[in-house]
Amino acid sequence: MSDEKTNIPKLFLSPYSPEDHENRIYELWEKSGYFNPDNLPGERTEQFSIVMPPPNANGSLHAGHALFVTVQDIMMRFERMRGKKAVWFPGADHAGFETQVVYEKKLEKEGRSRFQMSREELYKEILDFTLANKSFMEGQIRSLGASCDWSRELFTLDDKVVKIVYDTFKQLETDGLLYRGARSSNWCPKHQTSFSNLEVEHEERTEPFYYFKYGPFVIGTARPETKFGDKYVVMHPDDARYAEYEHGQKIELEWINGPITATVIKDEAGDPEMGTGVMTITPWHSGIDFEIAKRHNLDYEQIIDWRGKLLPIAEEFAGMDIRDARKKIVEKLEAKGLLDHIDEKYNHSVPCCYKCGREIEPQIKEQWFVNMKPLAEKALSALDAKKFEFVTERDERVFRHWLTNIDDWPIARQIAWGISIPAKVCDDCGHGMVDIENNVSSCAKCGGNVHQDPDTFDTWFSSGQWPLCVTDFGGESDDFKNYYPTSVMETGKDIIFFWVARMIMLGLYRTQKVPFKKIYLHGMVRDKHGKKMSKSKGNVIAPSEIQEKYGTDALRMALMVNNVPGTDMNLDPDKVNAYKKFANKLWNITRFVLDSTTDHDYLNNPEPGAVDTILRNELEVTTQEIDALMDKDRFDLAAEKIYHFVWDKFASDIIEDSKIYIKSDGGGNARQARQKLLIECLTTSLKLLHPFMPFVTETIWQELPETMKDSELLMVAKWPQDK
RNA sequence: GCGCGAUUAGCUCAGUGGUAGAGCGCUUCAUUGACAUUGAAGAGGCCGGAAGUUCAAUCCUUCCAUCGCGCACCA
């Protein structure tokens, strides 16, 4: 036998070392052209398409990226081997606000600030930064083994994207679904931009709740610093305690900075159960107050400026940061004898910026809004009609709930980095006009001068049209016709509203078709104790480091096994190590099989013995079970099953049982039959494993003799079930 | 406030209407044997609590407890 070892490729004589093979194998795949469905071999009638969630081009890949690349690549490789015309559209996201924040932090470190730069300078610098990150990230996606079609790659600022986004913007206006209006918006005093409700996080807090004497009433508030302009006192029309007061009644009273005239407003929004049942309102700085003011056509005035400082209406407090002002205002009211009492244990939730945690200051702002109700209703009908489905069914209810209670969408952000809004705004009356051609020179309403809208689109507004963009909707290629709607949308469940819901609504709106048939949502990747990864905790696991240490295949397996669709998963380096060992196991199995078949006797078409037949049946049963699990998107269970088959059945039983046959010098049918079985087990295992562990399986495949293979590349070999 | 999920081995988690599974960890033994990135054997669980349905419940139903998450304009 030692002589025959010379026939085994030398690389099998030492343990599998991923770093020696991964790059060259990826190049081999890429050079083959098979990432592009147009080049795939054989007759392929059925299409399979996935749109890759374009990673934010502002840093390196994190574990979540590694997970989605793995899941989607498994789907792609499985379907490609199954004979489908499979395409995976890669991309990169400029990620508007997110990237601008990353860049601002970089500026801060350099002692600079975006508020000292011109808009153009800032944009240019962020563009350079983003493009550099983009190519770096693409390298990382490659290193994870992603079999996506790079020839179809798209960036969210490409002309093609901007055109589609502008067309949608225009069409929304034409259809009356777009409007510009003064509404209460979620304003972050630090980031100087407004947000949609989704970008606001609510933080539970226990804070003092103050009761003040307001003329004959006692009013309650958690935010005394907003109260300077309060001149309306609101109560429920049916509240018997205040029946003596009439709607519209004027009352003279002493307030923070002197006597004022207050007006009684009876409105259903006054909750008799809450506090004293009486409140004063600050329409400029509260959404609910703004609604009341609108209903009764009341005045409203700004109290707090855009940076969170009190305006001159606050008189002696003017210019003070509201975070410092509250206590002082309460002191003054107390000194004036207007403080009734304080409830120190008031529990409420405070809206905060999802990025910096600073309290959101509601501000009235002229904004572009999309009227979402009509779009949401269509999405819900499509779901009712089963035009698309969720793999993780429990997310369907969450999805329905959000769409049923959807708010209008403010799509403008006050930042430089993004697709600029093609619109003019009147200097005089604030009227906004969509102006794609850039030829509006005066206000259509009042004839006044106009200026370019300085805002950019919410990045999700363009991302929401991503499936249209990558499939070249309205373009010259056949991709839209061939691949839209796409087969699966696979992404994180944390962006079900931000992205998935918007893609469905905007895709339906533009094309009358939901952009994907099936939605597979994965959970978050956490550290080994189930804790959220964060820089401050120092528990961040960088995929690239794991890849270096254990190999990409091991990382992919660790991310898949036990990862139930839709639930969070923990990533433990020890678990990755287990699959590194597994890759090596496969390596040594191959060494044994090649060592046992160097004489090529198996080519004589031997008659299988009774045991051979039993073992082959087990292989076939396993193959069918795995195929069924893959078909049901249970890649976690499929991965576990093939792992156990290879280790516990193939290596532990079949190989052990085969040694006696292989060693028998007599040769003969029994030995040849067993050789054939070993080869079958090996090639089938490689195929079944390939979607999960593409590198090691392809590396091995490349070393197998031609007589064992049905294809040059394992990547396009026939899936075993397809025999 | 509304909704969702979880509770199974020391740790992190799968799974099933009929003597409980994985990875890691632990114990003991083995080593010129495809593989020490190994092999064999083993310890370790009244499958959160209570009630119900059933011949049978870790699994289905209800309630409770604890933890986690999502949504939400309550002054």
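We name chains A, B, ... by the order of the sequence lines, and we start the count at 1 in each one. These numbers come from a predicted model, not from an experiment.
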- Message: Heavy atoms from C-beta onward define the side chain here; which of B:G39, B:A14, B:C13 lies closest to that of A:Trp647?
- Response: B:G39
- Note on the structure: Against the side chain of A:Asn570, the closest entry in B:C13, B:U37, B:A34 is B:C13
- Tell me which of A:Arg397 and A:Gly530 sits closer to the 5' end of RNA chain B, going by the nucleotide each one is nearest to. A:Arg397
If we ignore hydrogens and angles and just use 3.5 Å, is the side chain of [X] paired with the main-chain N or O of [Y] as donor and acceptor?
| X | Y | answer |
| --- | --- | --- |
| A:Asp340 | A:Lys213 | no |
| A:Asn570 | A:Arg526 | no |
| A:His522 | A:Thr567 | no |

What does [X] touch in the nucleic acid at a heavy-atom separation under 4.0 angstrom: a base, only the sugar-phosphate, or nothing?
| X | answer |
| --- | --- |
| A:Lys580 | base |
| A:Arg634 | sugar-phosphate |
| A:Ala583 | nothing |
| A:Glu656 | base |

How far, in whole Å, is [M] from [N] if one measures between their [atom1] atoms?
| N | M | atom1 | result |
| --- | --- | --- | --- |
| B:A50 | B:G15 | P | 25 Å |
| B:U19 | B:A57 | C1' | 15 Å |
| B:C73 | B:A14 | C1' | 42 Å |
| B:U28 | B:U32 | C1' | 23 Å |
| B:G33 | B:G18 | P | 45 Å |
| B:A6 | B:U27 | C1' | 32 Å |
| B:C67 | B:A75 | C1' | 32 Å |
| B:A22 | B:G39 | P | 14 Å |

Run the salt-bridge test on [X] and [Y] with the 4.0 Å N-O cut-off and return the result as yes or no.
| X | Y | result |
| --- | --- | --- |
| A:Asp636 | A:Arg634 | yes |
| A:Arg671 | A:Asp599 | yes |
| A:Asp299 | A:Lys231 | yes |
| A:Asp653 | A:Lys649 | yes |
| A:Arg223 | A:Glu361 | yes |
| A:Lys676 | A:Glu680 | no |
| A:Asp395 | A:Lys493 | no |
| A:Glu703 | A:Lys10 | no |

- Message: Does the protein touch nucleotides 69-75 of chain B at the base, only the backbone, or not at all? Give it as B, S and - per nucleotide, heavy atoms under 4.0 Å.
- Response: --SBBBB
- Message: Can you build the contact string for nucleotides 18-23 of chain B? Use B for base contact, S for sugar-phosphate-only contact, and - for no protein heavy atom under 4.0 Å.
- Response: ----BS
- Test the A:Arg674-A:Tyr661 pair against the cation-pi criterion, namely NZ or CZ under 6.0 angstrom from the six-membered ring centroid and within 45° of the ring axis. yes
Can you tell me the distance, in whole Å, between the [atom1] atom of [X] and the [atom2] atom of [N]?
| X | N | atom1 | atom2 | value |
| --- | --- | --- | --- | --- |
| A:Met557 | B:C24 | CE | C1' | 16 Å |
| A:Phe582 | B:U38 | CZ | P | 13 Å |
| A:Trp587 | B:U37 | CH2 | C1' | 13 Å |
| A:His529 | B:C24 | NE2 | C1' | 11 Å |
| A:Leu682 | B:A34 | CG | P | 16 Å |
| A:Asn577 | B:U37 | CG | P | 10 Å |
| A:Ile654 | B:A34 | CD1 | P | 16 Å |
| A:Leu571 | B:C13 | CG | P | 12 Å |

- Tell me whether the OP1 or OP2 atom of B:C4 has a side-chain N or O from A:Arg394 closer than 4.0 Å. no
- Task: May I ask you to verify if any side-chain N or O of A:Lys585 is less than 4.0 angstrom from the OP1 or OP2 atom of B:U38?
- Result: no
- Query: Can you list the residues that meet the side-chain contact (heavy atoms from CB on, under 4.5 Å) rule with A:Thr70, with sequence neighbours excluded?
  - Reply: A:Ile74, A:Arg556, A:Leu559, A:Met560
- Tell me, please, which residues at least two apart from A:Val646 pass side-chain contact (heavy atoms from CB on, under 4.5 Å). A:Phe582, A:Leu586, A:Ile589, A:Ile642, A:Ser685, A:Leu689
Close N/O contacts between protein and nucleotides 42-45 of chain B (under 3.5 Å):
none

- Task: Can you run through RNA chain B from 5' to 3' and write each base as (, ), [, ], | or . depending on how it pairs? Watson-Crick or G-U wobble, both distances under 3.5 Å.
- Result: (((((((..((((....[..)))).(((((.......))))).....(((((..]....))))))))))))....
- Exactly one candidate in A:Trp402, A:Phe399, A:Trp409 meets ring pair (Phe, Tyr, Trp, His ring centres under 6.0 Å) with A:Phe497; the answer is A:Trp402
- Query: With side chains defined as the heavy atoms from C-beta onward, is the minimum distance between A:Arg358 and A:Pro189 less than 4.5 Å?
  - Reply: yes
